[in-house]
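Encoded as structure tokens, the structure appears first; notes follow it.
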Amino acid sequence: MTAVHEALARLSLVDHHCHGVVTEDLDRDGFEALLTEGGRWPGSGISPFDTPVGVSVRRHCAPLLDLDRHAPPEEYLARRAELGAREVNRRFLAAAGTGTYCLDTGFGPTELAADDVFEVVRLESVEEALVARGVEPDDYADAFRAAALRAVRRPGVVAVKSVAAYRTGFDLDPARPSAAEVERAARERLAAGGRLADPVLVRHLLWTAVDLGLPLQLHTGFGDNDIRLHRVDPTHLTDWLHLTAGTIPVLLLHCWPYQRQAGYLAAVFEQVYLDVGLTLHHVGPARARAVLEEALEITPFRKLLYSSDAYGLAEFYRLGALAFRRGLGELLQDRVDADELSRPDALRLAEWAGAHNARRVYRLTGPS
Amino acid sequence: MTAVHEALARLSLVDHHCHGVVTEDLDRDGFEALLTEGGRWPGSGISPFDTPVGVSVRRHCAPLLDLDRHAPPEEYLARRAELGAREVNRRFLAAAGTGTYCLDTGFGPTELAADDVFEVVRLESVEEALVARGVEPDDYADAFRAAALRAVRRPGVVAVKSVAAYRTGFDLDPARPSAAEVERAARERLAAGGRLADPVLVRHLLWTAVDLGLPLQLHTGFGDNDIRLHRVDPTHLTDWLHLTAGTIPVLLLHCWPYQRQAGYLAAVFEQVYLDVGLTLHHVGPARARAVLEEALEITPFRKLLYSSDAYGLAEFYRLGALAFRRGLGELLQDRVDADELSRPDALRLAEWAGAHNARRVYRLTGPS
Amino acid sequence: MTAVHEALARLSLVDHHCHGVVTEDLDRDGFEALLTEGGRWPGSGISPFDTPVGVSVRRHCAPLLDLDRHAPPEEYLARRAELGAREVNRRFLAAAGTGTYCLDTGFGPTELAADDVFEVVRLESVEEALVARGVEPDDYADAFRAAALRAVRRPGVVAVKSVAAYRTGFDLDPARPSAAEVERAARERLAAGGRLADPVLVRHLLWTAVDLGLPLQLHTGFGDNDIRLHRVDPTHLTDWLHLTAGTIPVLLLHCWPYQRQAGYLAAVFEQVYLDVGLTLHHVGPARARAVLEEALEITPFRKLLYSSDAYGLAEFYRLGALAFRRGLGELLQDRVDADELSRPDALRLAEWAGAHNARRVYRLTGPS
């Protein structure tokens, strides 16, 4: 193992965007449904295990369950059930070597045992809870702001998040909507119910994030089929980034296949940061380095963060951390070997990306 | 040769999308015009041989004509003429090692000598033949459907194809057009003549494909300069894929430079498949692996198919098969060598992509 | 050193698009501001040295200032100041090994000492100088054409350039605007002042370039945050390229992250050429090859040119030339080693890309 790989292996990662894990035992259907962004396709004969992430689970997670590498799915699931969710989760979380988590609590299973857990408030969830409780259109803006303030003032909250990518995409009018526009849109939304998807209200949500003053995480690129991928190229945010320059940090999550575009924004806007997030476990160690290479082509080294975006399966904590450590380690070590980068610089960049950059942006304690 | 390369070398490929070869002898102009998607540029001093595909022809096809590797274009063309089209075609088709062809009969030279040839019906050709024969606007929809049904009921037809990418691109209203809309658009189209390019009628064609119930091949990405490349990012089809979920398989052809976007769709929609098609011979063995790596980053292994998209020159059958076998072989073998993939899995994935997946989708005989 | 690397090392490059260097001494702020497309971010704690280009400067430029490789920024800047701008510029320009420059004189510092310097006229500068001098709306078109003609008829002018990418992006109506449209748009523009950014007048500028008959350089892709990256995918120019086929050469500059799209246009339009320009020094030797691999996937070998797009810092002449020579050298040599390309072909392609192609397009003397 080289110096860079060793440093990354030792490094206690800051996972600046992740979700909780399922704490009950999962049957095959339940496991497979969480394994893929595509859902299960019963009767298709296509198993979620026959994917890059499925191959990675069998290769890198099976040994942690005392199985051979590349164990068949049946064996894997049987052993997982035998050990029980509690023990399985314990093993994978320990193997991840993550010291600090910033947990998106807006959606899905939220149990996570760790020493150092911070919270990310999903603003769409705040808004939808407000709408479910009931609010008048002319009070919508104030009530949303108040609810968001209440949410972010709880202890441990370090950031907010938006899934605008899923709701409207990024091809939005960048300007802050007027109070009259918001009220009119709220009237329609409150009558219609359902999810927040009105472009005026999504803009209002993003501008409310600016007012809150906390770093804003934005889902970007790859996700499930609710995404319209061509509408979530983050460069569509350019005008909004101009208007909000000097306010809050903006963290572009996942980004694939737009990691180069995200890198461009991070290079030319002071407030923009990025990670490759759930891309890491979906492409696996075989391709994590290639994706990181593109993400880092022009990105300032202070701007790349680590996240697992693990959701549901504790395996993803393990795989994300492994793919990040190995991918970034190979990238940096090869540059050291080619004398393109000094070893001290490589070690510094590894620590920045794996932990320090996140601690700076979120003002966590520890070296940054 | 490694186990994976050997398995791929032995594998009788299913080429699920290709065209016929020219059966008469070609002079230099004729050969060069078929060598490139750009056409010849007489007087420019720029030879179609001075391209990646030209270099590949000289490297990998010359030896099959008993010439040295990297033979000059003049020698190559002279020897090709000396042997005659029949012998040349025989040699390249034999070298391809393809056992099954699905042949797009809608356009261009269609002679192909092979044991196992199936047919793909190009729906634009069906429509344009109908328009040429004459039809009333109020009968257009019924007559098109009837003609398409007649076309696909002939023996050996396994799929339909659309070149909507060339005509309108994919940024279409996803909804099935109403009968009134179709009649109105047909009235204008029948008055104007020419190619099918009206967005309403292209949508009608795609929905007619759904009704036919056969797998639908869609040209995607790279082609000649009739394409507007920014309009053929396949993720523009997302809403249409939602509406047509549960109906027909959709096979995205070529995809370059949108292979990652195509992979995303294949990962999140049960019905979506992809190949990298004519990209293989255009980028050649030097880059086929890189393109396949991107195409496979998140794609389920049941979703990648092989096609040559060979058109006109039998060389393309040879080059496509070679680039696919070598590119996929290197990709898989390196993962086996890095212990990221087990050897049995690698062998299985190779057979799936090279043959079995196509046999499943098109319900051909043989292992799938 | 291999034969290909040697040939590229010996080759006197034609840098077909670059800017002048600052001839006075630079303090840290001045240097850092030129080092990045993102500008300095005072108080952020993020140094422009902590970027891929910053790492490359310390690695590859420090030794030319008699420092150790990877010298710290402070040492680098101190030594740079000690030597003085004149000596520093002399050393880097000598190290670049560039024999011929085509210099964009439209913007920024323009001093460049070289034997063989040609000029590229930036048409936006011509237009803005005209507007600053004053012109009547009904005379705008004639006066602009006359001013442009005067500018290009000066000795040494070999091309024109447009930064339409910065002003409107490429999603423009491709048609030549009518005289009435131009006059109307000019009336508004002249009343409003400022930069040329009206879509009608940008189209008019591009069509005026066609009339001038000289090669047209188009900024494409990556630049500072004035760019809306999603609007500068060059395939948006497809209709305009159809309309202008048979007229002037069009040279797509930089292109990242759209180098594949640029390659597509170069493959299917006789008049289209490309470089990867400022991408070279921004991504550095560590990634220049990867970007060139994509740029060359389907690009005819007569269509790739070299440019540094050096601006302000003489370091960029050094880094661009180094990254190009090394990146292209590795790409070609590996293909020779894999017997995918003959050595004589590799040597020919290296000379074409590094010098001959530019000499052909711009009709410079010397081998082409």
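A, B, ... follow the sequence lines: proteins, then strands. Residue 1 opens every chain.
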Full working for side chain to side chain contact (heavy atoms under 4.5 Å, CB included) between B:Glu297 and A:Val291: CA-CA 9 Å; B:Glu297 267 172 2; A:Val291 173; 3.9 Å; yes
Point-to-point distance, once rounded to the nearest 0.5 Å, from CG of B:Leu341 to CZ of A:Arg58: 8.0 Å
Best-contacting candidate, A:Pro48, A:Gly54, A:Pro52, A:Ser56, against chain B by heavy atom pairs under 4.5 angstrom: A:Pro52
Whether B:Tyr264 and A:Phe222 hold their rings parallel, tilted or perpendicular, with breakpoints at 30° and 60°: perpendicular
Side chain / backbone / both / neither for B:Leu331 at chain A, heavy atoms under 4.5 Å: neither
B:Ala338 versus chain A, the contacting section by heavy-atom distance below 4.5 Å: neither
Audit row: B:Asp339, A:His70, side chain to side chain donor-acceptor pair (under 3.5 Å) steps and yes/no: CA-CA 9 Å; B:Asp339 196 23; A:His70 315 295; 2.8 Å; yes
Atom group of A:Arg326 that falls short of 4.5 Å from chain B, counting heavy atoms: side chain
Test side chain to side chain contact (heavy atoms under 4.5 Å, CB included) applied to B:Arg360 and A:Ile46, step by step: CA-CA 11 Å; B:Arg360 283 179 104 243; A:Ile46 304 176; 4.1 Å; yes
Option passing salt bridge (Lys or Arg N to Asp or Glu O under 4.0 Å) with A:Asp50 (candidates B:Arg348, B:Lys303, B:Arg302): B:Arg348
Residues, nucleotides or ligands: over 12 heavy atoms within 6.0 Å of A:Asp68 CG: no
Distance in Å, A:Arg287 CZ paired with B:Glu293 CD, rounded so as to fall on 0.5 Å steps: 4.5 Å
Contacting region of A:Thr36 [heavy-atom separation from chain B under 4.5 Å]: side chain
Approximate separation, where rounding is to 0.5 Å, of A:Leu229 CG and B:Leu237 CG: 12.5 Å
Nearest-0.5 Å distance that lies between atom OG1 in B:Thr235 and atom CZ in A:Arg228: 10.0 Å
Backbone of B:Ile298 reached by a side-chain donor or acceptor of A:His282 within 3.5 Å: no
When B:Gln261, B:Glu294, B:His242, B:Arg335 are compared by non-hydrogen pairs under 4.5 Å with chain A, the top option: B:His242
Within 6.0 angstrom of A:Arg167 CZ, more than 12 heavy atoms from elsewhere: yes
Shortest non-hydrogen contact between B:Ala266 and A:Trp41, atoms and distance: O-CH2, 3.5 Å
Closest non-hydrogen atom pair between A:Gly223 and B:Val268, with its separation: O-CG1, 3.7 Å
Separation between OG1 of B:Thr238 and CG of A:Asn225, rounded to the nearest 0.5 Å: 8.5 Å
